[in-house]
Amino acid sequence: MELPFAESYKIKMVEPVRKSTRAEREQWIKDAKYNLFNLKSNQVFVDLLTDSGTGAMSDRQWSEMMLGDESYAGASSYYKLKEAINTITGFPYFLPTHQGRAAENVLFSALIKPGDLIPGNAHFDTTKGHIEFRKASAVDCTIDEASITTLDHPFKGNIDLKKLEKVLVGNPVEHIPMIIITVTCNTSGGQPVSMANIKAVSDMARNYGVKVIFDAARFAENAYFIQQREAGYERKSIREIVLEMFSYGDGMTMSSKKDAIVNMGGFIALRDQELFREASTFNIMFEGFITYGGMSGRDMNALAQGLYEGTEFDTLDTRIKQVAYLGKLLHEADIPLQLPYGGHAIFVDAKRFLPQLPKEQFAAQTLAVELYIEAGVRAVEIGTLLADRDPVTRENRYPELELLRLAIPRRTYTNNHMAYVAAALINVWKRREKITSGYKIIYEAPIMRHFTVELEKA
Ligand code: F0G
């Protein structure tokens, strides 16, 4: 008999979670102005809002916390982290930051000027926010296949080389400070970028004298997909694949809250000393001295350990199979999903789930509210609210994909929780035709509105 899949860990500590009634949830979500970010965590039973900073640290990470060196300068924790980053990524220089967007803030302060263009694959919202805040533009060059949710393409995070070349040919290179490759591509559904694509983008960038920077939050999941799906990589270890991926770039920004499995932290890693020096000045201004940059020593220790664990095959195999388990339950019930399943999340195609809703009524957000009311499951909209307004015209941007993301925290929930989530969404699916109206905005911030938006029923 073939042995079934089982987790590569056992549980040593638990945190109780509380169920609630439908009536309670209806009131809470109304009080939260139909914005799931406004809910209190104890109003949520299964929290799939994000996989960011919500993972469970290992016993080894917790023991590393006790060894943290809290010296202001030159702490041993800094050197421990430096060695881990150098071993895993191959980049010689690094700066700690308090999270991923802080790394963007520091690095982009050194690289981006007003009027610049930054091509890439569906930039994440904070990345785009930091670009647009500097009066520059993010140019999305993701392959068209990424927005056809029914199409089972192995590397939907890939960059379309023709689209990229058009940007490079059509604009002065002084205005293209870098190309950003997001691995995996969160916005298109946690979809990986192939090694062949990374290499081709890097070759093209080098021809034009443009830098390649990775937005590397989920780099290890990307490496796992390369190992599983790309010819020639089946026998390579995750660490070998990671080293090859980064060898094609000039640097990376990292949200350590994802694949490094810590609750808080980030970093920048770079190949070039000159750029490292420039970025260091901004790091000192915004984050902290270059040997702690917004992180305590104990957190740097846990992060160093997390980088090793997060790039182990068993950790990734357990995680990605759990995500796929949820995906399979939903797919078998005919719920429209972004295929193939993502690395960190399942993305439900809200346009096909609720085709009756006009685009102005935020189908994915409507679905998020329905799922919460159904069972206390918190997911997140990756659609029109997140896409924000065009910074110049101030018109709403309606993205190709209107998705509801069910992000799975690492090592946190069991497969029973996944089955619970699937049953809840299937219940909503069965009553989908009765959902005839969505939401309208009553308050929004000028940038990154989805975090604080307030809504009412349309
Ligand atoms: N880049 C990507 C691809 C991300 O997914 C995130 C965060 C960031 C950068 C920013 O990192 O949160 O540490 O400042 N994504 C989270 C999410 C918030 O839910 O997907 P951060």
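Order of appearance sets the numbers: ligands from 1, and atoms from 1 within every ligand. Starting from 1, each residue takes its place in the sequence as its number. These numbers were taken from a predicted model, which means no experiment stands behind them.
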**Q.** Polar side chain donor-acceptor pair, Thr311 to Arg239, under 3.5 angstrom
**A.** yes

Q. When you look for heavy atoms under 4.0 Å from ligand 1, do you find them on the side chain of Met254, its backbone, both, or neither?
A. neither

Q: Could you check atom 16 (C) of ligand 1 against the protein and tell me its nearest heavy-atom contact, residue, atom and distance included?
A: Lys258 NZ, 3.2 Å

Q: Using only heavy-atom distances, determine whether the side chains of Asn415 and Gln322 contain a donor-acceptor pair under 3.5 Å.
A: yes

Q: Please determine if Lys82 forms a cation-pi arrangement with Phe94, meaning its NZ or CZ atom is less than 6.0 Å from the six-membered ring centre and no more than 45° off the ring axis.
A: no

Q | ligand 1 to Gln99 polar contact by distance, N or O atoms, under 3.5 Å | A | yes

Q. Going by atom types alone, do Tyr233 and Glu244 pair a side-chain donor with an acceptor below 3.5 Å?
A. yes

Q | For atom 12 (O) of ligand 1, the protein heavy atom that lies nearest, with its residue and separation | A | Arg101 NH2, 2.8 Å

Q. Just by distance, with hydrogens left out, do His450 and Asp125 show a side-chain donor and acceptor under 3.5 Å apart?
A. yes

Q) Which atoms form the tightest heavy-atom contact between Met204 and Leu161, and what is the distance? A) CE-O, 3.6 Å

Q.
Can a side-chain donor-acceptor contact be found between Glu104 and Thr127 if the only test is distance below 3.5 angstrom?
A. yes

Q: Give yes or no for whether the N/O distance cutoff of 3.5 Å, strictly under, is met between Gly100 and ligand 1.
A: yes

Q) Of all the non-hydrogen atoms in the protein, which one sits nearest to atom 10 (C) of ligand 1, and at what distance? A) Thr126 OG1, 3.5 Å

Q. Would you call the rings of Phe353 and Trp429 parallel, tilted or perpendicular, where under 30° means parallel and over 60° means perpendicular?
A. perpendicular

Q) How far is atom 8 (C) of ligand 1 from its nearest protein heavy atom, and which residue and atom is that? A) Phe124 CD2, 3.4 Å

Q) Is ligand 1 under 4.0 Å from a heavy atom in the side chain of Thr253, in the backbone, in both, or in neither? A) neither

Q: Identify the protein heavy atom lying closest to atom 13 (O) of ligand 1, giving its residue, its atom name and the separation to 0.1 Å.
A: Ser255 OG, 2.6 Å

Q: Pull out every atom of ligand 1 sitting under 4.0 Å from any heavy atom of Glu104, numbered as shown with elements.
A: 9 (C)

Q. Who's the nearest protein heavy-atom neighbour of atom 3 (C) of ligand 1, and how far?
A. Asp215 OD2, 3.4 Å

Q. Hey, are Thr318 and Ser8 close enough side-chain-wise for a donor-acceptor pair under 3.5 Å?
A. yes

Q: Can you figure out which of Asn186, Asp125, Ile382 has its heavy atom closest to atom 5 (O) of ligand 1?
A: Asn186

Q) Any idea which atoms of ligand 1 are less than 4.0 Å away from a heavy-atom of Thr182? A) 3 (C)

(Q) Show me which atoms of ligand 1 lie under 4.0 Å from any heavy atom of Lys257. (A) 13 (O)

